[in-house]
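Below is one structure, written out as structure tokens; the observations come after it.
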Amino acid sequence: MSKIISVANQKGGVGKTTTSINLATSLSAVDKKILLVDADPQGNASTGMGISYDNRDPGLYDLIVNREHDEKAIKKTIVPGLDIITANTNLAASEIELVGVEKREFVISNILSETKGYDFVLIDCPPALGLLTINSLVASHSVIVPLQSEFFALEGISSLVNSIKLIKENFNPGLAIEGILLTMVDKRNSLSSLVENDVRDHFGETVYKTTIPRNVKVSEAPSHGKPAILYDVNSAGSMAYIGLAREIIKKQGAVNE
Ligand SMILES: Nc1ncnc2c1ncn2[C@@H]1O[C@H](COP(=O)(O)OP(=O)(O)OP(=O)(O)O)[C@@H](O)[C@H]1O
Ligand SMILES: [Mg+2]
């Protein structure tokens, strides 16, 4: 069975998509089969994997509208072992269309329950707590929360934690926080370390030991349609995401033993 993980934070620009792409790539580099699901109408994960708009149909929108899985919506990427369901142009409309659907919180869950053969499914969520994010969290075993290392990092996380609690109570009792990931860490900036200490004091073991540094190669890679790991594997950012994949697999191993 696949482990389904949402990468979510309703705050914008904290590194959800960067984490989804580079964690997915790092996991496939250690021979895991990965399905990346782009659940954000902005489509940054699809673009970042080098998939142009012309090649996105059918995508997540079609699966949501038809309310069933279709193998044709799964596309190969340039990374061996990493497939994607893209965010095609209409995905934004599905937020509205889902409102009238019976059991509207379970649509993505039902779709993903029909995908087979993946070790991990990673869902890149939009920066909102709307129906696409709710659907993603209902479909998931756990959630990775990227937090940007800045002064307001902890602000807003309480509403996410509260949403996770509500989803557990109402739809998905097994939903767990997989981990909190500090992103765009700048070791030269003392504020960055203050924030890191604060977050670790507050959330303890839930926070990954691995942190992601602010790194120019990571921010350049999407404009080349490549994960940072392919763009420059030796960059500090790529190495950090490879370290994160190791940490996640190790944690997984400890749970399964
Ligand atoms: N480690 C990093 N170093 C440098 N730049 C980064 C890093 N991580 C992310 N960025 C840049 O920060 C911006 C926001 O990152 P990203 O798109 O991953 O965030 P997001 O949470 O998915 O945003 P949104 O909420 O809009 O979906 C992007 O321009 C990205 O290239
Ligand atoms: Mg994003």
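One-based numbering, in listed order, for ligands and for the atoms of each. As the structure is a prediction and not an experimental result, all values here were calculated from the model. If you read the sequence from its start, that first residue is 1, and numbering goes on from there. Scope of the values below: all heavy atoms of this structure, side chains included, with no hydrogens, waters or symmetry mates.
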At what distance is the nearest protein heavy atom to [atom], and which residue and atom is it?
atom: atom 20 (P) of ligand 1; answer: K16 N, 3.5 Å
atom: atom 31 (O) of ligand 1; answer: S219 CA, 3.4 Å
atom: atom 9 (C) of ligand 1; answer: T18 OG1, 3.3 Å
atom: atom 12 (O) of ligand 1; answer: M184 CE, 3.9 Å
atom: atom 26 (O) of ligand 1; answer: Q42 NE2, 3.2 Å

I'd like to know if the side chain of [X] pairs up with that of [Y] as donor and acceptor (distance under 3.5 Å, no hydrogens or angles considered).
X: D83; Y: Y118; result: yes
X: S149; Y: E196; result: no
X: S235; Y: S238; result: yes

Inset, instruction - Could you pull out, from T211, T17, I21, the option with a heavy atom nearest to atom 22 (O) of ligand 1? - result: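 Among T211, T17, I21, the closest heavy atom to atom 22 (O) of ligand 1 comes from T17.
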
### Message
Looking at non-hydrogen atoms alone, which of G13, C125, A228, A8 comes nearest to atom 14 (C) of ligand 1?
### Response
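Looking at heavy atoms only, the winner is G13.
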
> Is P222 in polar range of ligand 1, meaning some N or O pair under 3.5 Å apart?
Replying inline: no

Return a yes/no value for G15: is any of its N or O atoms, backbone included, closer than 3.5 angstrom to an N or O of ligand 1?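 Min N/O separation from ligand 1 is below 3.5 Å for G15.
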
Would you mind running through ligand 1 and noting each atom that sits below 4.0 Å from a heavy atom of [X]?
X: V14; answer: 19 (O), 20 (P), 21 (O)
X: D40; answer: 27 (O)
X: G12; answer: 25 (O)
X: N215; answer: 2 (C), 3 (N), 4 (C)

Scanning both residues in full, the closest heavy-atom pair of E178 with S142 reads OE1-OG, 2.6 Å

For I51 and K76, the nearest pair of non-hydrogen atoms, with its separation, is CD1-O, 4.4 Å

So, 2.8 Å as the limit: is an N/O/S atom of T17 located closer than that to the Mg ion (ligand 2)?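 Yes, since at least one N, O or S atom of T17 sits under 2.8 Å from the Mg ion (ligand 2).
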
Between the NZ atom in K16 and the CG atom in N44, the distance rounded to the nearest 0.5 Å is 9.5 Å

Problem set entry | Non-hydrogen protein atom less than 4.0 angstrom from atom 4 (C) of ligand 1 | yes

Please report whether atom 29 (O) of ligand 1 has a protein non-hydrogen atom at a separation of less than 4.0 Å.
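No.
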
Passing option when S46 is tested against D38, T17, T86 for side chain to side chain donor-acceptor pair (under 3.5 Å):
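Passing option: D38.
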
Inset, instruction - State if I212 counts as touching ligand 1 under the rule of any non-hydrogen atom under 4.0 Å. - result: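 Yes; I212 lies near enough to ligand 1 that a heavy-atom distance drops under 4.0 Å.
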
Could you tell me if the side chain of R56 sits less than 4.5 Å from the side chain of T47, heavy atoms only? yes

Ionic contact status for [Y] with [X], cut-off 4.0 Å:
X: K251; Y: E247; answer: no
X: E95; Y: R104; answer: no
X: E205; Y: R200; answer: no

Please work out, at 4.0 Å between heavy atoms, whether the side chain, the backbone, both, or neither of P213 comes within that distance of ligand 1.
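For P213, the contact with ligand 1 is made by the backbone alone.
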
Honestly, for D124 the part within reach of ligand 1 (heavy atoms, under 4.0 Å) is neither

- Query: Are the side chain of H141 and the backbone of I4 linked by a donor-acceptor contact shorter than 3.5 Å?
  - Reply: yes

